[in-house]
Amino acid sequence: MDLKIEDVLSDDFIGKEVHLRGWIYRKRRMGKIIFVVLRDSTDIIQCVVEKKNVGPEVFKMLDKVGVESSLELRGKIRKESRAPTGYEVDVSMVNIIGPSYNFPISKDKSDEFLLDNRHLWVRSREMNAILKIRATVFDAIHEFFKNNGYYETQAPMFVTGAVEGGATLFEVPYFGRKAYLTQSAQFYLETLIFSLEKVYTVAPSFRAEKSRTRRHLTEFWHAEAEAAWYHNKDMMRDEEEMIVYIINAVVDRRKKELEFLKRDVSLLKNVDKPFERMKYEKLIEFAQSIGVDIKYGDDLGADEEFAITKNFEKPVFVTHYPRDIKPFYHRPDPENPSVVLCHDLLAPEGYGEIIGGGERIYKLEVLLSRMEEEGLNPDDYYWYVDLRKYGSVPHAGFGLGVDRLIMWIAGLSHIKYAIPYPRTTRRTKP
Ligand code: ATP
Ligand code: MG
């Protein structure tokens, strides 16, 4: 049987012979004994290699190789309270598969060094825990949408128009013409609701974000949805269900990893429905009351959001933003057209915005007049405009920054720790 370390860390295995494969996590020699701490994808276990049991040749080889050498071994499990995970293997056979010498990463390395060596740092126990949480977040996103009647779909990465404003577009040469990397699948998803009604996609979005914050990447993973016949409140309901679903999935399935990262799980367990809804106007008043330098009509930057959401214990929906600070496609509130029927979801504990969403303009005249106000040429958006000509329906949607969600759930101090290979203004390698 192909056993993993996690499986054999149990009283059931005491006295049983097991075969394990993995990498040397730590190693130390005491005379005729070498203590190897072996790691695999699941956990670590101490392995005791005695010269008399494996022979002088193998013992010498094992003594020579360094951490991160790969090997397979065989031996009996016994309980050992002094071992890092409570059990150890009394090794009878060891076979070095891929030796490693002078592994570059040791304890005291700087953050920059670890980023330059991310291809090796992904092996760390810390990254292993984060990457597992990340995998569970992606699983849960797909599960949620599939359980709630959304069809998965795909949008192109090469596009010709901006969704979130021209300033953050990445231009790419495209056979003598210009194309851009997509900032959001939203407009394409809007076209697809006329066929599938409820759609979602999970894909990268690209934004040339010049502002260096702890929560901006130039390439991030975006989970986006659009639904026909949905109003702002309907979308917010789906979103809060989704967030609670994802958090529960991680709390249930990733206990060990959250514990390893020292995440305060009680704060996650505390997240339940419904989330508070707060109008932008009220949020500004609240921000002013705690001394944030902001006035009505200002957009919230990373620093403001940090100061505000430090005071939150649960996520909060902020609605009714002034239309001047939101993109043209948001539907103005018929009762007060100076604000739009939108929402941002702000994560607590200082994490800030993780979702931007809202109701889309569905009337042709309204869309055209908003485009004119913003100085946009409707010809550039002919297919987006067409949707309002042929059987338009009220609809709403959202975009969730998956890396930001992971950052919050795992309690990380920077978004670069939430993704295997972060892309920022200064980094495109490894
Ligand atoms: P911000 O104001 O923080 O830049 P935004 O208003 O530009 O965010 P949206 O256009 O609403 O964001 O995008 C939807 C979601 O995508 C955001 O709520 C966020 O979670 C995520 N997101 C946006 N830009 C980035 C980025 N550069 N890096 C990581 N995630 C991002
Ligand atoms: Mg942005």
Side-chain angles (χ1 to χ4, degrees), residues 134 137 141 155 159 161-170 180-187 189-190 200-226 232 235-236 239-240 242-243 246 275 280 283 294 298-309 315-319 321-330 340-348 350-360 396-409 412 414-427:
R134 184 176 169 95
V137 168
I141 290 171
V159 299
V163 178
E164 295 300 320
T168 62
L169 279 175
F170 277 111
Y180 304 100
L181 294 176
T182 185
Q183 295 173 310
S184 160
Q186 180 192 322
F187 291 179
L189 297 186
E190 285 186 61
Y200 83 97
T201 192
V202 182
S205 280
F206 304 89
R207 296 188 189 182
E209 308 273 9
K210 278 166 216 99
S211 63
R212 285 198 212 133
T213 73
R214 61 184 197 119
R215 42 168 231 176
H216 283 95
L217 294 166
T218 52
E219 175 181 337
F220 67 96
W221 280 80
H222 212 172
E224 294 179 273
E226 288 291 320
N232 206 31
M235 208 72 245
M236 286 192 277
E239 288 165 34
E240 69 192 359
M242 175 186 71
I243 296 296
I246 297 168
F275 300 163
Y280 166 88
L283 185 81
I294 197 167
D298 289 347
D299 206 354
L300 302 172
D303 294 344
E304 290 81 27
E305 277 180 27
F306 174 74
I308 294 167
T309 60
V316 173
F317 280 117
V318 183
T319 65
Y321 280 71
R323 74 189 214 186
D324 301 341
I325 58 170
K326 284 284 173 187
F328 71 93
Y329 52 74
H330 284 285
V340 288
L341 297 171
C342 69
H343 57 268
D344 279 1
L345 183 65
L346 306 186
Y351 284 98
E353 182 187 333
I354 52 169
I355 290 181
E359 218 168 306
R360 319 309 188 187
F398 70 88
L400 161 71
V402 185
D403 317 285
R404 281 195 196 170
L405 176 64
I406 293 162
M407 182 185 165
W408 166 42
I409 293 180
L412 308 175
H414 197 292
I415 196 167
K416 67 189 171 194
Y417 304 123
I419 182 167
Y421 291 98
R423 292 291 175 253
T424 59
T425 41
R426 287 181 305 162
R427 185 169 291 280

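When a ligand or atom number is given, it counts from 1 through the structure's own listing order.
- Residue contacts with ligand 1, taken as heavy atom pairs separated by less than 4.0 Å, involve Arg207 solely via side-chain atoms from C-beta onward.
- With a 4.0 Å cut-off on non-hydrogen atoms, His222 touches ligand 1 through its side chain and not its backbone.
- In this structure, Arg214 forms a cation-pi arrangement with Tyr351, its terminal cationic atom sitting closer than 6.0 Å to the ring centre and no more than 45° off the ring axis.
- For ligand 1, the atoms lying closer than 4.0 Å to a non-hydrogen atom of Glu209 are 24 (N), 26 (C), 27 (N).
- With ligand atoms numbered from 1 in the order given, ligand 1 contributes 3 (O), 28 (N), 29 (C) to contacts under 4.0 Å with heavy atoms of Arg215.
- Considering backbone and side-chain N/O atoms, Leu400 never comes within less than 3.5 Å of an N/O atom of ligand 1.
- Using a cut-off of 4.0 Å between Lys/Arg side-chain N and Asp/Glu carboxylate O, Arg215 and Glu353 are scored as not salt-bridged.
- Considering only non-hydrogen atoms, atom 28 (N) of ligand 1 lies nearest to Leu217 out of Leu217, Leu345, Asp299.
- Across the listed options Trp408, Phe220, Trp221, Phe398, Phe220 owns the non-hydrogen atom lying nearest to atom 29 (C) of ligand 1.
- For the residue pair Tyr280 and Asp344, no side-chain donor N or O sits within less than 3.5 Å of a side-chain acceptor on the partner.
- Rounding to the nearest 0.5 Å gives a distance of 6.5 Å between CD1 of Ile246 and CD1 of Ile409.
- In this structure, Thr218 contributes its side chain and Thr425 its backbone to no donor-acceptor pair below 3.5 Å.
- Each of the following atoms of ligand 1 lies closer than 4.0 Å to a heavy atom of Ile415: 29 (C).
- Of the N and O atoms on the side chains of Gln183 and Thr168, at least one donor lies less than 3.5 Å from an acceptor on the other residue.
- Taking the six-membered ring where the residue is Trp, His222 and Phe220 present tilted rings, their angle falling between 30° and 60°.
- Ion pairing of Asp403 with Arg134 is present here, as a side-chain N (NZ or NE/NH1/NH2) and a carboxylate O approach within less than 4.0 Å.
- Remark: ligand 1 and Leu300 share no N or O pair separated by less than 3.5 Å (distance only, no angle test).
- Residue Ile354 places a heavy atom less than 4.0 Å from ligand 1.
- If you number the atoms of ligand 1 from 1 as listed, the ones under 4.0 Å from a heavy atom of Ile355 come out as 18 (O).
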